[in-house]
Protein chains: 2
Amino acid sequence: MKNVAVLVKKLPTPKSPKKVAITELPGHSIRRLQQIAVSLFMEHTKKHGVTPVQYAALEEIFKSPGLDQRSLATAIRFDTSTIGGVIDRLEKRGLVTRNASPTDRRVRLLELTSEGEHVLAAMQPTVQRAQHAILAPLSETEQVLFIALTKKILAANESLAAVTD
Amino acid sequence: MKNVAVLVKKLPTPKSPKKVAITELPGHSIRRLQQIAVSLFMEHTKKHGVTPVQYAALEEIFKSPGLDQRSLATAIRFDTSTIGGVIDRLEKRGLVTRNASPTDRRVRLLELTSEGEHVLAAMQPTVQRAQHAILAPLSETEQVLFIALTKKILAANESLAAVTD
DNA sequence: TACATATTATCAGCATACGTACAATATATT
DNA sequence: AATATATTGTACGTATGCTGATAATATGTA
């Protein structure tokens with residue numbers, strides 16, 4: 001009787017692992033999805049030399065000229081410690097300017113240069129095509145469904161990661 | 001008349017960008033999905049100090065002991081130039097061994113240490129919970145649907161990115 | 001006004017990701 | 001055997017992504 005109690009009581013981590021098919025895990029599928037989305041984006045927008053992350057930054061700065069880095073990061077879900085480097089690269093390419101705020105000396109205000117606006121305008125159609133390409137394997141109905149399901153997951157996890165505020 | 005022809009013919013890139021809601025682009029949603037999946041994984045498996053990528057490697061090496069790095073990379077869709085560093089870290093932690101092949105001196109054969117097997121076994125339940133957490137916002141039916149749609153996209157793009165062969 | 005607290009940006013460290021190039025080694029072909 | 005080609009692993013450069021720490025600056029409150 002005592003033996004049984006001991007056996008039942010322990011139940012530690014199983015001695016040997018089970019064989020898990022990585023491919024079947026949602027996490028892995030999502031990682032693959034991301035690899036594919038980035039790959040298609042880069043393929044379609046190759047001639048502009050702008051990454052998906054940089055594109056998102058350009059788009060947001062265009063929508064809200066003069067916003068600060070932190071607000072930008074929050075808006076497009078970058079980590080605040082990443083945003084600096086992204087802006088560095090855009091600034092170096094002359095697509096973005098970063099000026100000290102006259103009212104708050106901590107803040108760097110972001111704006112597109114005319115070159116930045118030009119590049120953004122030029123690449124928008126290619127970005128659209130890339131987005132279509134990602135969902136292309138799905139029917140119209142399936143695409144709507146996929147987007148809805150995705151949004152549902154995102155909505156339930158808004159606070160997770162890259163939301164520094 | 002000529003004016004019209006000229007206008008029609010050119011159609012260059014638009015002068016000024018349109019305002020695009022980044023949040024509405026599939027690429028951005030997928031990026032968010034990935035951030036969330038990783039975040040949930042790390043949260044659930046915190047005590048094991050193993051990343052999603054490292055976990056995939058452990059799982060695959062357990063399934064196919066003695067496989068080489070390149071095969072591993074292909075199996076779990078790592079970039080071949082990334083796999084080395086991942087194995088380095090697992091090796092340094094004593095979870096994996098990397099031995100020269102007796103038949104082919106180019107190859108490094110991978111195997112789990114007993115510690116590696118132990119860690120893998122210990123974390124499998126927590127990984128399961130993390131995977132459930134990712135899809136938790138969806139109903140059972142929706143989860144099945146989401147997985148099916150995702151797989152359809154992946155199947156159509158198997159060759160894209162991180163498939164070095 | 002003086003101090004505690006909050007905010008903005010930056011930096012260091014670690015871990016993917018991918019392109020490109022390259023050395024070592026196998027294998028196929030001539 | 002000698003050469004051409006393919007394969008395995010590594011290294012370097014660039015770009016995220018996140019944690020934790022810190023400096024500079026604001027702001028709220030005693």
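In what follows, chains carry the letters A, B, and so on, assigned in the order in which the sequence lines appear, proteins first and then strands, with residues in each chain numbered from 1. What you see below is based on every heavy atom in this structure, not just the backbone, and it leaves out hydrogens, waters and symmetry mates.
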**Request:** Report yes if a side-chain nitrogen or oxygen of B:Arg70 is closer than 4.0 Å to either non-bridging phosphate oxygen (OP1 or OP2) of D:dT7; otherwise report no.
**Result:** no

**Message:** Distance check needed: C:dA9 C1' versus A:Ile83 CD1, whole Å only.
**Reply:** 11 Å

**Request:** Measure the distance from CG on A:Leu72 to C1' on C:dT8 and round it to the nearest whole Å.
**Result:** 13 Å

**Message:** On the nucleotide D:dT8, are OP1 or OP2 found under 4.0 Å from the side-chain N or O atoms that B:Arg108 carries?
**Reply:** no

**Prompt:** Side-chain N or O of A:Arg77 less than 4.0 angstrom from OP1 or OP2 on D:dC18?
**Reply:** no

**Request:** Could you check how far CZ of B:Phe78 sits from P of C:dA17, rounded to whole Å?
**Result:** 7 Å

**Request:** May I ask you to verify whether the side chain of A:Arg106 and the base of C:dT7 hold a donor-acceptor pair under 3.5 Å?
**Result:** yes

**Message:** Looking at C:dA17, I'd like to know if its phosphate oxygens (OP1 or OP2) sit under 4.0 Å from a side-chain N or O belonging to A:Gln35.
**Reply:** no

**Message:** When you measure from the side-chain N and O atoms of A:Gln54 to the phosphate of D:dT16, is any distance below 4.0 Å, counting only OP1 and OP2?
**Reply:** yes

**Complete:** In whole angstroms, the gap separating P of D:dA15 from CG of A:Leu95 amounts to 12 Å

**Complete:** Looking only at C:dA17, D:dG17, C:dA9, the nucleotide nearest the A:Val107 side chain is C:dA9

**Message:** Using whole Å, what does the distance between atom C1' of nucleotide D:dT8 and atom CG of B:Asp68 come to?
**Reply:** 8 Å

**Asked** Taking 4.0 angstrom as the limit, do B:Lys151 and A:Glu24 come out as a salt bridge?
**Response** yes

**Message:** In this structure, how many angstroms lie between the P atom of D:dG17 and the CZ atom of B:Arg32, rounded?
**Reply:** 11 Å

**Along DNA chain D (nearest heavy atom to each residue), the more 5'-positioned of B:Val38 and B:Gly84** = B:Gly84

**Donor/acceptor link under 3.5 angstrom from B:Ser81 side chain onto base of C:dG19** = yes

**Request:** Measure the OG1-CD distance between B:Thr45 and B:Gln124 for me, rounded to the nearest 0.5 Å.
**Result:** 12.5 Å

**Prompt:** When you check the phosphate oxygens OP1 and OP2 of D:dT10, does a side-chain N or O of B:Gln69 lie under 4.0 Å from one of them?
**Reply:** yes

**Which nucleotide in C:dG19, D:dG17, C:dA9 has an atom nearest any side-chain atom of B:Asp79** = C:dG19

**Message:** On the nucleotide C:dT16, are OP1 or OP2 found under 4.0 Å from the side-chain N or O atoms that A:Arg31 carries?
**Reply:** no

**Message:** Determine whether a donor-acceptor pair (N or O, by modelled atom type, separation under 3.5 Å) exists between the side chain of B:Gln35 and the backbone of A:Arg77.
**Reply:** yes

**Request:** Tell me whether the OP1 or OP2 atom of C:dT10 has a side-chain N or O from A:Arg98 closer than 4.0 Å.
**Result:** yes

**Fill in**
Between A:Asp104 and A:Thr82, the residue closer to the 5' end of DNA chain D by nearest nucleotide is A:Thr82

**Message:** From CZ of A:Phe41 over to P of D:dA15, roughly how many Å is that when rounded to an integer?
**Reply:** 14 Å

**Asked** Does A:Thr80 have a side-chain nitrogen or oxygen under 4.0 Å from the phosphate oxygens OP1 or OP2 of C:dA9?
**Response** no

**Message:** Taking the basic N atoms (NZ, or NE/NH1/NH2) and the acidic carboxylate oxygens, is any pair closer than 4.0 Å for B:Arg106 and B:Asp104?
**Reply:** yes

**A:Val86-A:Leu109 co-clustered via ILVMFWY side chain contacts under 4.5 Å** = no

**Separation of atom CD1 in B:Ile76 from atom P in C:dT16, rounded to whole Å** = 10 Å

**Request:** Specify whether B:Phe41 and B:Tyr55 have parallel, tilted or perpendicular ring planes, treating 30° as the upper limit for parallel and 60° as the lower limit for perpendicular.
**Result:** tilted

